[in-house]
Amino acid sequence: MDLAIEARHRAYAPYSNFTVGCALLLENGEIITGNNQENAAYPSGLCAERVAIFAAGSQYPGVAVLKMAITASPKDDSFHKPVPPCGACRQSIAEYENNQENDIELYFMGAAGKVLKSDSLSDLLPLVFDKNYL
Ligand code: THU
């Protein structure tokens with residue numbers, strides 16, 4: 001979570017002023033971080049969780065993700081309730097969880113304060129659409 005906080009402070013969020021940081025622990029011990037990257041063409045931006053998990057997938061293909069820490073708040077650090085990942089990020093994370101043996105533990109919080117833990121992405125996205133339907 002400390003690394004997610006550092007990543008959040010590097011977020012590029014000039015339009016929403018809502019900054020998100022994410023850190024992933026991989027089974028090989030590497031920690032990959034990401035933050036939200038916004039764009040003048042708003043839908044072209046990307047959430048912190050997907051920036052991080054796609055970076056992990058591109059740099060360490062096939063290496064399992066063990067844990068994911070997420071912190072999110074307006075830039076002024078005013079939000080102190082746990083902020084869960086959006087639906088599109090859940091769908092993206094599910095792809096990786098489904099492809100590996102272990103579940104991914106998710107920890108999420110606001111700028112600080114209470115941390116909520118989910119033992120598995122599947123708890124956050126039941127009835128997921130996955131490769132078995134293709
Ligand atoms: N955002 C994330 O990075 N992760 C989420 O799960 C929800 C939203 C970003 C996207 C956008 O840059 C800003 O937060 C406001 O929606």
Side-chain angles (χ1 to χ4, degrees):
M1 190 59 85
D2 288 339
L3 291 176
I5 292 168
E6 285 179 19
R8 185 185 148 237
H9 289 131
R10 297 191 297 267
Y12 177 64
Y15 305 106
S16 72
N17 283 316
F18 190 82
T19 51
V20 185
C22 177
L24 307 178
L25 175 64
L26 306 185
E27 67 175 348
N28 64 3
E30 291 287 337
I31 294 178
I32 305 291
T33 63
N35 48 37
N36 51 329
Q37 295 293 315
E38 297 188 346
N39 193 279
Y42 294 172
S44 299
L46 198 62
C47 291
E49 297 89 328
R50 277 177 285 168
V51 167
I53 203 149
F54 292 159
S58 68
Q59 292 171 56
Y60 297 100
V63 179
V65 179
L66 303 181
K67 300 167 196 272
M68 186 163 195
I70 304 161
T71 170
S73 171
K75 271 183 193 163
D76 65 3
D77 292 343
S78 57
F79 202 78
H80 283 208
K81 286 183 193 149
V83 180
C86 79
C89 287
R90 294 179 200 204
Q91 179 69 36
S92 299
I93 299 163
E95 184 79 15
Y96 295 85
E97 185 170 271
N98 291 342
N99 283 343
Q100 62 185 44
E101 303 260 300
N102 59 286
D103 289 343
I104 299 175
E105 290 177 8
L106 295 106
Y107 298 82
F108 36 95
M109 79 173 189
K114 192 173 180 178
V115 178
L116 215 61
K117 179 192 176 192
S118 173
D119 290 331
S120 166
L121 189 280
S122 61
D123 290 342
L124 298 179
L125 189 62
L127 286 176
V128 65
F129 178 82
D130 61 23
K131 62 187 175 190
N132 297 314
Y133 295 102
L134 295 175

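Each ligand, and each atom within it, is numbered from 1 in the order the structure gives. In this chain, numbering begins with 1 at the start of the sequence shown.
Every atom of ligand 1 is numbered from 1 in the order shown, and the set under 4.0 Å from a heavy atom of Glu38 is 11 (C), 12 (O), 13 (C).
Atom 9 (C) of ligand 1 has as its closest protein heavy atom Asn36 ND2, 3.6 Å. With respect to atom 16 (O) of ligand 1, the closest heavy atom belonging to the protein is Phe18 CD2, 4.8 Å. Atom 4 (N) of ligand 1 has Glu49 OE1, 2.8 Å as its closest protein atom, hydrogens excluded (heavy atom only).
For atom 3 (O) of ligand 1, the candidate residues are Cys22, Ala48, Gly34; the nearest heavy-atom contact is made by Ala48. Between Ala72, Pro85, Cys47, it is Cys47 that holds the heavy atom closest to atom 2 (C) of ligand 1.
With a 4.0 Å heavy-atom cut-off, ligand 1 is reached by no atom of Gln37. Contact annotation for Ser16 and ligand 1: only side-chain heavy atoms (C-beta onward) come within less than 4.0 Å of the ligand.
At most 12 non-hydrogen atoms from other residues, nucleotides or ligands lie less than 6.0 angstrom from CG of Asp2. Atom OH of Tyr42 sits in a sparse spot, with 12 or fewer heavy atoms from other residues, nucleotides or ligands closer than 6.0 Å. In this structure, Leu134 places its CG atom where more than 12 heavy-atom neighbours from other residues, nucleotides or ligands lie under 6.0 Å away.
Between Cys86 and ligand 1, at least one pair of N/O atoms sits closer than 3.5 Å.
In this structure, the side-chain hydrogen bond (donor to acceptor under 3.5 Å, both in side chains) partners of Tyr107, at least two apart in sequence or on a different chain, are Glu105.
The side chain to side chain donor-acceptor pair (under 3.5 Å) analysis of residues 116-125, with sequence neighbours excluded, yields the pairs Glu97-Ser120, Lys117-Asp119, Ser120-Ser122.
Per-atom contact check: atom 12 (O) of ligand 1 touches the protein, criterion being a heavy-atom distance below 4.0 Å.
Taking the six-membered ring where the residue is Trp, Tyr12 and Tyr15 present perpendicular rings, their angle passing 60° and hence far from 30°.
Side-chain polar atoms of Ser16 and Glu38 form a donor-acceptor pair below 3.5 angstrom.
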